[in-house]
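Report on the following structure.
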Amino acid sequence: MLDVQLFRNDLDFVTTQLKKRNFAFNPENYSELEARRKAVQTKTQELQNARNSSSKAIGQAKAKGDDVQPLLDNVANLGDELKAAETELNEIQGELDALMSGIPNLLDASVPEGKSEDDNVEISRWGDLPTFDFEVKDHVDLGTARNLLDFELGAKITGSRFVVLNGKLARLQRALIQFMLDTHCAENGYQETYVPYLVNADSLRGTGQLPKFEDDLFKASENPALYLIPTAEVPVTNIVRDVIVDAKNLPLKFVCHSPCFRSEAGAYGRDVRGMIRQHQFEKVEIVQIVKPEDSAQAHEDLTNHAEMILQKLKLPYRKMLLCAGDTGFSSSKTYDLEVWLPGQSAYREISSCSNFRDFQARRLQARWRNPETGKPELVHTLNGSGLAAGRTLIAVMENYQDAEGRIHIPEVLLPYMGGLNVIE
RNA sequence: GGAGAGUUGGCCGAGCGGCUGAAGGCGCUCCCCUGCUAAGGGAGUAUGGGCUUUAACUCCCAUCGAGGGUUCGAACCCCUCACUCUCCGCCA
């Protein structure tokens with residue numbers, strides 16, 4: 001949610017900024033609605049004031065033992081008039097809310113122009129691409145050859161875009177998750193959390209998935225309305241919903257492993273092969289709640305924390321700055337990390353690190369008390385994948401394969417694999 | 001699942017139809033006194049919104065779990081829902 005004051009004070013600025021995103025915003029439409037709101041709200045409040053002062057007068061007259069009937073006659077019609085005004089105001093507020101909650105965040109000045117992922121800007125590359133003196137396999141061939149990955153079984157048990165991991169490979173994924181959690185806690189100062197995987201609509205509104213992106217979610221129950229989390233970002237960021245955080249406790253840094261559930265509506269036909277795009281996958285999420293002045297630096301730090309995992313795993317990757325058209329709804333600026341997948345001879349997204357500034361915080365009413373003003377002010381929120389475990393598993397399989405189709409265990413994972421150093 | 005009790009400001013807690021945006025206490029901030037491991041006195045201390053060209057003040061509106069109702073007027077009465085606690089049952 002953007003600041004309504006910004007719309008009232010500098011509508012041209014907002015319109016121009018939104019245009020960078022190719023977001024169709026109609027300022028005339030907005031102004032007209034806002035003018036109605038102002039008129040009706042003022043009128044409503046005047047009526048409320050009239051009612052309050054009349055009621056007070058009646059109370060005082062009664063206390064003195066005066067005849068209150070003339071006063072009662074006076075306010076006879078006030079009730080209906082007030083009710084009508086309040087109803088109208090509610091409708092207008094509802095319209096405005098719907099409009100405002102559908103408007104994306106404003107982009108940071110450093111975000112490049114562009115329409116699609118083709119316009120994203122490469123910031124850096126890390127690691128040498130591996131060379132193989134044999135024909136490389138992708139993770140599907142590597143995994144199914146040894147019955148480590150079973151897509152047909154996933155389809156039988158549930159349906160398409162689900163998979164079963166067997167034996168050593170399941171353990172390797174668990175090792176990756178443990179390694180990521182331990183690293184973020186011990187080296188990057190994050191606090192581990194465990195959170196619900198079903199969330200209510202308020203939580204999803206807070207982080208921006210609702211009302212606009214309900215199709216991307218799995219709804220698990222109707223009454224109460226509960227949804228499977230699409231990312232741990234939702235429950236973890238909602239830790240600070242309706243909270244005024246003590247300044248001395250900032251920044252808050254959380255790390256959380258969770259499964260993620262996405263309906264992948266609109267992704268039919270994309271990445272159908274393998275486990276790149278599943279309805280259910282494991283991810284380690286890092287979240288930061290910071291003072292506004294710290295969020296730009298925190299964004300760089302948080303991205304570095306995600307990069308650290310790739311570096312320790314010795315997986316080659318590149319860092320992309322997303323262009324205007326590819327930056328998510330709630331984000332003001334996003335870096336994607338793309339890992340090298342030899343099986344595809346391509347870099348593929350493995351982490352997305354975003355600074356939401358106060359966009360989520362305003363929806364969440366997540367605030368901190370600024371000692372300088374003594375007033376509650378909105379915090380800034382950030383998050384990133386650190387990393388998507390399912391895709392990291394794929395990357396390890398493909399980068400660490402040998403001519404026999406075996407998968408060697410990255411050095412940093414050895415302590416988590418119970419002495420195993422190769423899956424064969 | 002059954003029975004009962006609750007939900008008020010940063011925290012505890014009073015209030016049960018008008019003078020209550022809310023007593024009292026704790027905490028916090030400032031001032032005074034005293035003087036040293038402790039104490040006394042005074043003042044201040046909720047949030048969101050509107051109006052205003054902007055800002056501050058004043059003013060106005062809303063908020064005592066949420067939503068609705070009764071009433072000239074609701075923290076207080078009625079209804080619905082959510083959550084918390086206690087006891088019983090069940091359970092990884």
Side-chain angles (χ1 to χ4, degrees), chain A residues 1-14 31 33-97 99-101 194-206 210 220-227 235 238-250 252 358 361-379:
Chain A
M1 195 88 84
L2 294 170
D3 186 358
V4 277
Q5 296 300 343
L6 198 59
F7 282 73
R8 292 179 195 166
N9 296 337
D10 201 346
L11 195 56
D12 289 345
F13 173 75
V14 175
S31 299
L33 197 56
E34 168 62 14
R36 273 170 59 209
R37 187 226 101 229
K38 194 165 169 175
V40 176
Q41 180 163 357
T42 310
K43 183 183 164 203
T44 305
Q45 294 192 349
E46 277 167 9
L47 288 169
Q48 285 170 330
N49 184 18
R51 179 202 59 195
N52 289 346
S53 41
S54 307
S55 296
K56 202 164 226 172
I58 291 170
Q60 284 164 353
K62 249 187 175 164
K64 277 192 280 181
D66 293 350
D67 179 20
V68 295
Q69 194 53 48
L71 290 168
L72 287 176
D73 294 343
N74 245 346
V75 294
N77 297 322
L78 203 59
D80 291 342
E81 212 179 326
L82 179 57
K83 182 153 268 179
E86 283 176 340
T87 306
E88 192 183 355
L89 182 60
N90 274 340
E91 278 167 16
I92 295 170
Q93 290 289 22
E95 273 181 65
L96 267 172
D97 280 352
L99 181 70
M100 293 298 289
S101 55
Y194 172 81
V195 293
Y197 299 156
L198 286 168
V199 291
N200 58 35
D202 284 342
S203 293
L204 287 159
R205 256 192 297 277
L210 287 181
S221 98
E222 204 62 50
N223 191 24
L226 295 178
Y227 301 80
N238 271 275
I239 289 173
V240 292
R241 168 149 59 90
D242 295 323
V243 171
I244 300 172
V245 185
D246 215 317
K248 66 174 186 285
N249 291 332
L250 292 174
L252 291 171
D358 62 11
R362 186 169 293 106
R363 292 170 165 235
L364 293 160
Q365 281 303 300
R367 296 171 295 176
W368 65 298
R369 197 173 292 277
N370 185 344
E372 284 174 25
T373 61
K375 293 287 174 195
E377 296 172 15
L378 296 171
V379 297

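Values reported hereafter were calculated over all heavy atoms of this structure, with side chains retained and with hydrogens, waters and symmetry mates removed. Here the structure is a predicted model, which means the values were calculated and not measured. Chain naming here is simple, since letters A, B, ... match the order of the sequence lines and numbering starts at 1 in each.
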(message) Among U47(B), C51(B), C61(B), which nucleotide has an atom closest to any side-chain atom of Lys375(A)?
(response) U47(B)

Considering only distance and modelled atom types, tabulate donor-acceptor pairs under 3.5 Å from the side chains of residues 43-50 of chain A, sequence neighbours left out.
unit_1	atom_1	unit_2	atom_2	d
Thr44(A)	OG1	Val40(A)	O	2.6
Gln48(A)	NE2	Glu86(A)	OE2	3.1

(request) May I have the distance from Gln5(A) (atom CD) to U54(B) (atom P), rounded to whole angstrom? (result) 9 Å

(message) Can you tell me the base-pairing partner of A62(B)? Count Watson-Crick or G-U wobble geometry only, both distances below 3.5 Å, and say none if there is no partner.
(response) U47(B)

(request) Starting from P on U63(B), measure out to CD on Gln45(A) and report it in whole angstrom. (result) 12 Å

(request) For the residue pair Asn52(A) and Ser55(A), confirm or rule out a side-chain donor-acceptor distance under 3.5 Å. (result) no

(message) Quick one about Asp97(A) and Gln93(A) (side-chain donor to acceptor, distance below 3.5 Å, no hydrogens or angles considered), yes or no?
(response) no

(request) Please report, rounded to the nearest Å, how far the P atom of U52(B) is from the CD atom of Glu46(A). (result) 11 Å

(request) Could you walk me through whether Asp80(A) and Lys83(A) pass the salt bridge (charged side-chain N to carboxylate O under 4.0 Å, His left out) test, one step at a time? (result) CA-CA 5 Å; Asp80(A) 291 342; Lys83(A) 182 153 268 179; over 6 Å; no

Within the sub-3.5 Å range, which N or O atoms of nucleotides 71-75 of chain B have a protein N or O partner, and how far apart are they?
unit_1	atom_1	unit_2	atom_2	d
C72(B)	O2'	Ser55(A)	OG	3.3
C72(B)	N4	Lys62(A)	NZ	3.4
G73(B)	O4'	Ser55(A)	OG	2.9

(request) State whether Asn49(A) places a side-chain N or O below 4.0 Å from either non-bridging phosphate oxygen (OP1 or OP2) of C60(B). (result) no

(request) Can you tell me the pairing partner of U7(B) across any strand shown, Watson-Crick or G-U wobble, with both distances under 3.5 angstrom? (result) A82(B)

(message) Quick check on G48(B): is either OP1 or OP2 less than 4.0 Å from any side-chain nitrogen or oxygen of Arg367(A)?
(response) yes

(request) Name the closest nucleotide to the Pro376(A) side chain, picking from U47(B), C60(B), G49(B). (result) U47(B)

